[in-house]
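Working notes, structure below.
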Amino acid sequence: MKHRFRIEKSHLKITAKSTIRKTVEFIRNTVIEPPYLLMDKAKVRQKVHDIGKHIMHAEVFYAVKANPDIEVLKLVNSLGIGFEIASEGELNILASIGVSSARIITSNPVKSFRFLRMAAEAGIKYYSFDSEAEVLKLREYVPGASVYVRLSVPNEGSEWPLSKKFAVEVDEAEELLILAKKKGLNPVGITFHVGSQCTNIYNWNSALNKAKDLWERAEKAGIKLSLLNIGGGYPIRYTKDVVGISAIDKNINKLIYEKFPRKIRVLIEPGRAVVGDAGIFVTRVIGKASRGDEEWLSLDVGVFNGLMESVGGIKYTYIVEGSRETRKWTLAGPSCDSFDVIEKDVMLPEPSVGSYVLILSSGAYTISYASEFNGFSIPKTILI
Ligand SMILES: *Cc1c(COP(=O)(O)O)cnc(C)c1O
């Protein structure tokens, strides 16, 4: 089937031309019915290459929860970086593709018993924590484990804050490191997360200042740290430009050089930035209606089967097969739940029922959140 997508200059500022070109080519040559998620392998490769390049001694661990598709994991694995995981499911899938435990760390501060048992058995060495309860669990399940404490840092300007759930202030973090040592664990460092989709470069400055403070206090308390895990948070382009990876990394590198001893290990855990802008959802308009003074478009992908983050405020860019004039739409998913509204007041060309809609930058936190609620299947992921 011929498809005529309205590709504008503004779209090319969000997603690489080559990714869009490959997507359109795939659609033209396939009989597979939407919805599905296309992942551009070249883009993932490029992002893995870029992240951490400007940070001395950086070791990169892909945060699996962003996109745990097995083919994506195989691709990332082939690029030689490590993995950050939180659960037995993530451990199992990595084991199934032959990733050795030496390349896996876990930075979830609260781990399930089953996961701890399996992680210990697999030989995973690095764990995060932010409570006394977790120290006691780690002592029981992974005696001698190397641990880093999760420090609370500002999450302002990140579109998906993560600081409310985890992390402790400097005083408590220091006490926890001391406790960990007392309980026979090996306190090696500090971790933090500036918040996901962090568009504010200064979050890393505040975070590293706080980490330096804690680092020095730990040292005075007789704990020699050697590892700084700066988490994830690198932003991608959804509807507008964001600060680039190399600018963020050069800033981080300079700050680490100024504030920390030489030759520390620096761990990075990017999720969104590795896979987000490599992904394009191929969806189809399945309904059109005027309701009150709103024009509604229903797509075959919605909040429950892929676009969960729209509920938290992530807005996407859409490429539509449609007429030249744009109109204002309310975009909804396919399910019968009134919560299943992707976005309101979206200006888009008018498509027909059956037209294709491409959703850009949808490779991260989409399929990994998706459920089969109401019987709508989770779109399959295809690497291109
Ligand atoms: C989710 C998560 C990440 C990845 O964050 P992004 O914002 O997707 O880069 C990294 N580390 C931890 C501990 C996380 O929970």
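Read the numbers this way: they start at 1 and go in the same order the structure lists the ligands and their atoms. Numbering starts at 1 and runs along the sequence shown.
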Pairs of nitrogen or oxygen atoms closer than 3.5 Å, one from [X] and one from ligand 1: do any exist?
X	value
Tyr234	no
Glu269	yes
Ser196	yes

Original post:
Roughly how far, to the nearest 0.5 Å, is CH2 of Trp329 from CG of Leu348?
Top reply: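 Result: 8.5 Å between the selected atoms.
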
Enumerated ligand 1 atoms positioned under 4.0 Å from heavy atoms of [X]:
X	result
Ser107	13 (C)
Ala63	3 (C), 4 (C), 10 (C)
Lys65	1 (C), 2 (C), 3 (C), 14 (C), 15 (O)

When you measure from the heavy atoms of [X] to every atom of ligand 1, does any distance fall below 4.0 Å?
X	result
Phe166	no
Gly233	yes
Pro270	yes

Original post:
Would Asn200 and Glu156 count as having a side-chain donor-acceptor pair, cut-off 3.5 Å?
Top reply: no

Original post:
Looking only at heavy atoms, which two atoms of Ser206 and Pro154 are closest? And how far apart?
Top reply: CB-CG, 3.8 Å

Original post:
Looking only at heavy atoms, what is the nearest atom pair of Asn155 and Gly195, with distance?
Top reply: OD1-CA, 3.3 Å

**OP:** Please collect all side-chain hydrogen bond (donor to acceptor under 3.5 Å, both in side chains) contacts where either partner lies in residues 364-384, sequence neighbours excluded, each pair once.
**Re:** none

